[in-house]
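Here is how names work: the chains are called A, B, and so on, in the same order as the sequence lines, proteins then strands, and each is numbered from 1. The model shown is predicted, which means the values in this text are computed figures rather than measured ones.
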2 protein chains.
Amino acid sequence: MPNSVPEVAEERKLNDFFCFTVYRTTHAINRVYKPLLDALGLTYPQYLVMVALWERDDQTVGGLGQKLSLESNTLTPLLKRLEALGHLKRTRNPHDERQVKVSLTEQGKALKTRTKAARGCVLEASGMEVKDFRRLQGELALLRRALEAHSALRAEA
Amino acid sequence: MPNSVPEVAEERKLNDFFCFTVYRTTHAINRVYKPLLDALGLTYPQYLVMVALWERDDQTVGGLGQKLSLESNTLTPLLKRLEALGHLKRTRNPHDERQVKVSLTEQGKALKTRTKAARGCVLEASGMEVKDFRRLQGELALLRRALEAHSALRAEA
DNA sequence: TTGAATTTAATCGCGCACGATATATCTTCA
DNA sequence: TGAAGATATATCGTGCGCGATTAAATTCAA
């Protein structure tokens, strides 16, 4: 297939931009998740926080932020909404009042049992073989780590 | 520092989510672009719109939206900001007053010459071989198309 | 031991993303 | 012709995502 994606061309079209490919893929994934998460009453970032808490309860805001690559300016309002929905509690750590501990309520724990439809929905919708799907995921994860390392280096200078 | 060894097994579960891999990759790409686009005074979506216009001038809002997978509720305010910056003009089509034609100003056209640093920044930061990079991009594009087809089918039902 | 530096969340403002809705214009056809 | 429907863009409200700043608690150091 000649010229399907020029490597370094003077005149680059939008579809040649790698960033745009990932950008649109993110939106496509969100649209797959949307109807499934609507049924749970969660947004996609809220779902990610719940997944993180189902895996390990009682995490600090900072700890969650590290896992999700988010900071308190994004997490605090999001966590307050999840608290208002009754899915979790936010309590100051009595041994270090700077920290806020995020812990699931019984309702929040119970919500996990209703996420069956959401698990694996992208794999299913992709129509891909599991092996290829996982390989693609692995390559993306490698790319992400390389980009983060690059940004971290630039931030130092 | 007690207990500094992270719970690797638990973190792996969150990282198992393909959506989360793409989500983080998007953010990592944005962080690579950020300093380069700051120098141009553009946000990342604004940059994408400018790329689309450099590729083809005089597009309608709807036409741009189709290329970018965005609708007027997102595009109209964004285009107004680019117009306020002096990069483009928005004019009603006299033959069909419903349409708004978006066209570059001389300043908007000239901006293209200052995007050298941004072009290929992800490839460079990735440290990947061009061939592998383009193959990964192609696979992602295929996945996106499959997901969009899936969502479109569901929307009909 | 106390004052400075560090750490942790929270707050604020701006710009996207998107569902729902509004408005104006154009098209269709009864 | 003119009323109904379709189309194109704009508006509004909510929730991220993030840079910048603030506030409070803790740690460090002179």
Practice item. Determine whether A:Leu140 and A:Arg144 make a side-chain contact, defined as any pair of heavy atoms from C-beta on separated by less than 4.5 Å. Key: no
Point to revise | Nucleotide D:dA10, atom P - distance to CG of B:Leu78 in whole Å | key: 12 Å
Practice item. Could you state the atom-to-atom distance from CZ of A:Arg81 to C1' of D:dC16 in whole Å? Key: 7 Å
Exercise for review: Take atom CD of B:Gln99 and atom P of C:dT25, then tell me their distance rounded to the nearest Å.
Suggested key: 14 Å
Practice item. Would you mind telling me which of D:dT9, C:dA17, C:dA10 lies closest to the side-chain atoms of B:Pro45? Key: C:dA17
**Study point:** Side-chain N or O of B:Tyr23 closer than 4.0 Å to phosphate OP1/OP2 of D:dG17
**Key:** yes
Check your understanding: Taking for each residue the nucleotide of DNA chain C with the nearest heavy atom, is it A:Leu75 or B:Thr43 whose nucleotide lies nearer the 5' end?
Key -> A:Leu75
Please list each protein N or O that sits under 3.5 Å from an N or O in nucleotides 19-22 of chain D, with the distance.
residue	atom	partner	partner atom	Å
D:dG19	N7	A:Asn73	ND2	2.8
D:dG19	O6	A:Asn73	ND2	2.9

Exercise for review: Could you tell me whether B:Arg92 and B:Glu97 have a side-chain N and a carboxylate O separated by less than 4.0 Å?
Suggested key: no
Check your understanding: In whole angstroms, how far is the P atom of D:dT14 from the CG atom of A:Leu42?
Key -> 19 Å
Check your understanding: If only side-chain N and O atoms of B:Arg90 are considered, is one of them under 4.0 Å from the OP1 or OP2 phosphate oxygen of D:dA10?
Key -> yes
Study note, to complete from the structure: Here the distance between atom C1' of C:dC18 and atom CG of B:Leu70, to the nearest Å, is 10 Å
Practice item. Begin with the C-alpha distance, continue with both residues' side-chain angles, and end with the deciding distance and a verdict on side chain to side chain donor-acceptor pair (under 3.5 Å) for B:Thr60 and B:Gln99. Key: CA-CA 7 Å; B:Thr60 64; B:Gln99 296 187 338; 5.4 Å; no
Check your understanding: Are A:His87 and A:Leu104 side-chain neighbours, meaning at least one heavy-atom pair lies under 4.5 Å?
Key -> no
Review point. Mind checking whether B:Arg56 and B:Lys67 have side chains closer than 4.5 Å, heavy atoms only?
Key: yes
Practice item. State which of D:dA10, C:dT6, C:dT25 makes the closest approach to the side chain of A:Arg98. Key: C:dT6
Practice item. Could you please name the option among D:dG17, C:dA9, C:dG15 that lies closest to any side-chain atom of B:Gln46? Key: C:dG15
Practice item. Between A:Gly63 and B:Pro94, name the one whose nearest nucleotide on DNA chain C is closer to the 5' end. Key: A:Gly63
Point to revise | Ion pair check, A:Asp132 and A:Arg135, cut-off under 4.0 Å | key: yes
Point to revise | B:Gln107 atom CD: more than 12 heavy-atom contacts under 6.0 Å | key: yes
Revision key, fill the gap. Quick note, B:Asp96 side chain, CB onward, closest among C:dA9, D:dG15, C:dC26 is C:dC26
**Study point:** Nucleotide D:dG15, atom C1' - distance to CG of A:Asn30 in whole Å
**Key:** 12 Å
Practice item. Let me know the distance between NZ of A:Lys80 and P of C:dA9, rounded to the nearest Å. Key: 13 Å
**Study point:** Nearest to side-chain heavy atoms of A:His27, which nucleotide of D:dC18, C:dC18, D:dC16
**Key:** C:dC18
Check your understanding: Among C:dA17, C:dT8, D:dA25, which nucleotide sits nearest the side chain of A:Glu97?
Key -> D:dA25
Check your understanding: Does a side-chain heavy-atom distance below 4.5 Å link A:Val130 with A:Leu123?
Key -> yes
Revision key, fill the gap. In whole angstroms, the gap separating P of D:dA8 from NE2 of B:His95 amounts to 17 Å
